[in-house]
> 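Please read through the structure below; I'll follow up with questions.
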Amino acid sequence: MSISKFSSPFALICATSAALLAPVVAFAQEAAPAAATTAAAAPAFTMDKGDNAWMLISSALVLLMTIPGLALFYGGLVRAKNMLSVLMQVFMITAVVALLWVTYGYSLAFTDGGSLNSFVGGFSKAFLAGVNTSSLAETFSKGVAIPEYTFIVFQMTFACITPGLIVGAFAERIKFSAVMLFVVLWVTFIYFPMAHMVWFWGGPSSYTSPAGLIFSYGAIDFAGGTVVHINAGIAGLVGAIMLGKRTGYKKEIMAPHSMTLTMVGASLLWVGWFGFNAGSNLEANGYASLAFINTFVATAAAAVSWCIVESLTRGKASMLGGASGAVAGLVAITPAAGFAGPMGSIVLGLIVSPVCYFFVDVVKNKFNYDDSLDVFGVHCVGGILGALGTGILVNPALGGAGIVDYSTADFAASYAGTATQVLAQAKGVLTTLLWSGIGSAILYKIVDVVIGLRVSVEAEREGLDLSTHGEAAYHAS
């Protein structure tokens with residue numbers, strides 16, 4: 001591509017991003033002093049090398065989930081002529097979001113936002129200001145910490161995979177430039193604030209400090225049921241509807257071109273998810289082990305459950321069903337990983353697959369929307385079920401771990417009751433659906449006005465590999 005062809009859309013992208021970021025920059029000025037005051041009052045922490053080693057490994061595992069895991073899982077599900085386009089989208093989203101995260105994303109997600117702290121942080125740590133090899137981030141045990149760089153990297157991998165999940169909803173018909181502009185805007189105005197709302201708090205040493213909105217509801221989300229899956233899932237549905245159906249949808253065969261690669265991708269997701277869930281404990285202790293075993297058995301139960309449903313409804317169990325069930329189980333256990341007991345996790349896995357199967361097979365056909373790779377049906381629906389189920393399965397009477405009460409001297413586990421906790425979970429789910437659903441619709445419209453969302457019909461028929469990237473995933477021998 002020549003510079004002259006590139007400069008116009010690139011300039012539009014930069015100008016649009018700058019304009020939309022302007023109001024965010026404005027409130028950063030009042031957020032910085034509050035963050036500085038908090039940092040000055042921070043207590044002395046101790047760091048364990050074992051915790052740090054586990055968190056670095058977990059970070060690498062989550063990256064493995066994204067590239068190559070998610071890329072291969074999605075790539076195998078599309079037609080051969082669009083394989084490379086999906087790989088490219090997921091790969092480049094990872095690269096771009098990593099840069100945005102260290103530039104301002106980490107600061108927006110995990111610093112005090114002043115008067116807007118319920119919704120988003122400030123810019124006191126933009127460009128990682130004040131972070132060095134001596135900086136520490138507290139875990140969930142009072143006075144225990146890991147290097148802040150480690151925490152930044154771990155959370156960066158979450159920021160990278162979440163927008164990558166969205167692309168499956170509108171695969172095979174969207175412009176590459178539109179994907180990249182949308183992702184820049186989406187992580188800025190949707191993901192970073194969502195991460196702040198769910199996960200920002202003062203920590204065990206300062207648990208009374210102002211927290212993010214959803215955290216303040218009393219909602220619990222161990223590893224990202226709301227932040228990652230519901231957030232991405234509803235954004236995917238909105239995108240699929242706004243882009244419209246693929247050319248030839250329900251008239252032409254659009255079967256996955258390589259279930260082999262999809263199985264490899266799903267397996268990498270399963271392996272990487274141990275870092276995703278068990279790593280979210282931030283320490284290498286018993287809660288990490290609980291999250292690890294829950295991630296294992298819930299996923300196994302969901303894979304079995306999906307295949308049973310397929311056998312009963314279609315007469316045959318498919319590899320696609322097994323992989324879909326495994327991902328549904330991983331999604332559902334994510335918010336509950338460190339809270340539920342293993343038996344409760346199995347129940348959650350057994351339940352989530354029939355529910356997701358219903359949305360993928362019945363609801364999608366009933367409302368006739370083209371969610372290419374069932375991002376909404378698996379991630380959003382599975383995330384909602386997992387988030388609500390977490391409120392039940394955390395109950396110690398059901399084998400759950402209870403919720404740590406940081407106001408007690410020994411940080412004893414407690415449980416407010418099923419109705420109270422499920423209501424808090426429901427408020428978190430509803431807030432996520434509204435924030436991401438409405439916000440994403442606005443951002444899609446902005447991208448459509450600025451550079452357009454869809455490729456031409458001719459380019460779509462040729463395949464995005466050649467029409468967009470000028471190369472093919474496969475060549476005949």
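Just so it is clear, the structure is predicted and the values come from calculations on it, not from any experiment. The first residue of the sequence shown is numbered 1, and numbering continues consecutively from there.
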> If I take atom NE2 from residue H257 and atom OH from residue Y474, how far apart are they, to the nearest 0.5 angstrom?
2.5 Å
> If I compare all heavy atoms of W199 with all of D221, which pair ends up nearest, and what's the gap?
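Looking at all heavy atoms of both residues, the shortest contact is NE1-O, 3.0 Å.
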> Just do the side-chain hydrogen bond (donor to acceptor under 3.5 Å, both in side chains) check on T390 and Q425 with the steps written out, would you?
CA-CA 8 Å; T390 299; Q425 299 298 108; 4.8 Å; no
> When you measure from the side chain of Y106 to the backbone N and O of V153, does any donor-acceptor pair fall under 3.5 Å?
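Between the backbone of V153 and the side chain of Y106 there is no qualifying donor-acceptor contact (under 3.5 Å).
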> Can you tell me how far the CD1 atom of I384 sits from the NE2 atom of H229, to the nearest 0.5 Å?
12.5 Å
> For V97 versus P163, what's the shortest heavy-atom pair and its separation?
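Scanning both residues, the minimum pair turns out to be CG2-CG, 4.0 Å.
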> Tell me whether D371 is salt-bridged to K364, with the criterion being a basic N under 4.0 Å from an acidic carboxylate O.
no
> Determine yes or no for a side-chain-to-main-chain donor-acceptor pair under 3.5 angstrom, with S324 supplying the side chain and L320 the backbone.
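Indeed, once roles are kept as given, a pair shorter than 3.5 Å links the two residues.
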> Ignoring hydrogens, what is the shortest heavy-atom contact between P335 and A387? Give both atom names and the distance.
CG-N, 3.6 Å
> By the definition side chain to side chain contact (heavy atoms under 4.5 Å, CB included), identify the one residue from V297, L348, I346, L393 that meets it with I333.
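For I333, the side chain to side chain contact (heavy atoms under 4.5 Å, CB included) check succeeds only for L348.
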> Which label fits F182 and Y444: parallel for a plane angle under 30°, tilted from 30 to 60°, or perpendicular past 60°?
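F182 vs Y444 ring planes: parallel.
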> Locate the shortest heavy-atom distance separating G325 from A302; write the atom from each residue and the value.
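Closest heavy-atom pair between G325 and A302: O-CB, 3.1 Å.
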> Could you please spell out the steps behind the side-chain contact (heavy atoms from CB on, under 4.5 Å) verdict for V184 and V96?
CA-CA 8 Å; V184 169; V96 168; 4.0 Å; yes
> With rounding to the nearest 0.5 Å, note down the distance linking CD1 in I190 to CD1 in I442.
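Taking CD1 in I190 and CD1 in I442, the distance rounds to 8.0 Å.
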> Can you tell if the side chain of N82 reaches within under 4.5 Å of the side chain of M254, non-hydrogen atoms only?
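No; the side chains remain at least 4.5 Å from each other.
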> Check whether any side-chain N or O of E172 sits under 3.5 Å from a backbone N or O of V86 as a donor-acceptor pair, and report yes or no.
no
> Evaluate the ring planes of F376 and F359, with Trp represented by its six-membered ring, and classify them as parallel (under 30°), tilted (30 to 60°) or perpendicular (over 60°).
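Rings of F376 and F359: perpendicular, over 60°.
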> When you measure from the side chain of E310 to the backbone N and O of S318, does any donor-acceptor pair fall under 3.5 Å?
yes
> Using side-chain heavy atoms (C-beta onward) and a distance below 4.5 Å, is I446 in contact with V449?
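When only atoms from C-beta onward are counted, V449 and I446 do not touch, as no gap falls below 4.5 Å.
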> Decide side-chain contact (heavy atoms from CB on, under 4.5 Å) for L433 and C380; before the verdict, give the C-alpha distance in whole Å, the side-chain angles of both, and the deciding distance to 0.1 Å.
CA-CA 9 Å; L433 290 172; C380 190; 3.9 Å; yes
> My understanding is that only one of K245, R461, R246 makes a salt bridge (Lys or Arg N to Asp or Glu O under 4.0 Å) with E252; could you say which?
R461
> Would you sort out whether M319 and T262 count as a side-chain contact (heavy atoms from CB on, under 4.5 Å), showing the intermediate values?
CA-CA 9 Å; M319 182 67 250; T262 291; over 6 Å; no
> Looking at K250, I want to see if its NZ is surrounded by more than 12 non-hydrogen atoms of other residues, nucleotides or ligands under 6.0 Å.
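Correct, the count exceeds 12.
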> Evaluate L84 against E471 for side-chain contact (heavy atoms from CB on, under 4.5 Å), listing each step before the verdict.
CA-CA 8 Å; L84 187 139; E471 53 186 349; 3.7 Å; yes
> In Å and rounded to the nearest 0.5 Å, what is the CG to OG1 distance from L443 to T188?
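Result: 9.0 Å between the selected atoms.
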> Do S118 side-chain atoms and L213 backbone N/O form a donor-acceptor pair below 3.5 Å?
no
> With a 4.5 Å limit on heavy-atom distance, are the side chains of T157 and T66 in contact?
no
> Please examine the side chains of L165 and L70, heavy atoms only from C-beta on, and report whether any two atoms are closer than 4.5 Å.
yes
> Evaluate the side-chain proximity of M197 to T226: yes if any heavy-atom separation is below 4.5 Å, no if none is.
no
> So do M83 and L261 actually touch side chain to side chain, heavy atoms under 4.5 Å?
yes
> To check you understand the geometry: which heavy-atom pair defines the closest contact between W186 and S440, and what is its length?
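Closest approach of W186 to S440: NE1-OG, 2.9 Å.
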> Establish, from distance only, whether the side-chain atoms of S467 and E462 form a donor-acceptor pair under 3.5 Å.
no
> Inspect the surroundings of OH in Y287 and state if more than 12 heavy atoms from other residues, nucleotides or ligands are less than 6.0 Å away.
no
> What distance separates I174 CD1 from E460 CD, expressed to the nearest 0.5 Å?
11.5 Å
> Using a 4.5 Å cut-off on heavy atoms from C-beta on, say whether the side chain of V331 contacts that of V327.
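Yes, side chains in contact.
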> In a table with atom names and distances, give each donor-acceptor pair under 3.5 Å that connects a side chain of residues 270-282 to protein atoms at least two apart or in another chain.
| residue | atom | partner | partner atom | Å |
| --- | --- | --- | --- | --- |
| W273 | NE1 | N277 | OD1 | 3.4 |
| W273 | NE1 | T334 | OG1 | 2.9 |
| N277 | ND2 | T295 | OG1 | 3.0 |
| S280 | OG | F276 | O | 2.7 |
| N281 | ND2 | E283 | O | 2.9 |
| N281 | ND2 | N285 | OD1 | 2.6 |

> Considering all heavy atoms of both residues, which atom of R173 and which atom of A169 are nearest to each other, and what is their separation?
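Taking R173 first and A169 second, the nearest heavy atoms are NH2-O, 3.5 Å.
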> Just wondering, are more than 12 heavy atoms of other shown residues or ligands nearer than 6.0 Å to OH in Y149?
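Yes, because the 6.0 Å sphere around OH of Y149 holds more than 12 heavy atoms from other groups.
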> Any chance you could measure M180, atom CE, to M88, atom CE, to the nearest 0.5 Å?
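Those atoms lie 8.0 Å apart.
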> Would S372 and Y74 count as a side-chain hydrogen bond (donor to acceptor under 3.5 Å, both in side chains) if you check the C-alpha gap in whole Å, the side-chain angles of each, and the deciding distance to 0.1 Å?
CA-CA 10 Å; S372 304; Y74 276 174; over 6 Å; no
> Mind checking whether F158 and F154 have ring centres under 6.0 Å apart?
yes
> Assert yes or no for the condition that the ring centre distance of F110 to F151 is strictly below 6.0 Å.
yes
> Can any side-chain N or O of D51 pair as donor or acceptor with the backbone N or O of A284 at less than 3.5 Å?
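Indeed, once roles are kept as given, a pair shorter than 3.5 Å links the two residues.
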> Taking the side chain as every heavy atom from C-beta outward, state whether S436 and I230 have any atom pair closer than 4.5 Å.
no
> Taking T139 for the side chain and V144 for the main chain, is one N or O donor matched with an acceptor at less than 3.5 Å?
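Yes, T139 side chain to V144 backbone: donor-acceptor pair under 3.5 Å.
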> Look at the aromatic rings of F119 and W435 and report parallel, tilted or perpendicular, splitting at 30° and 60°.
parallel
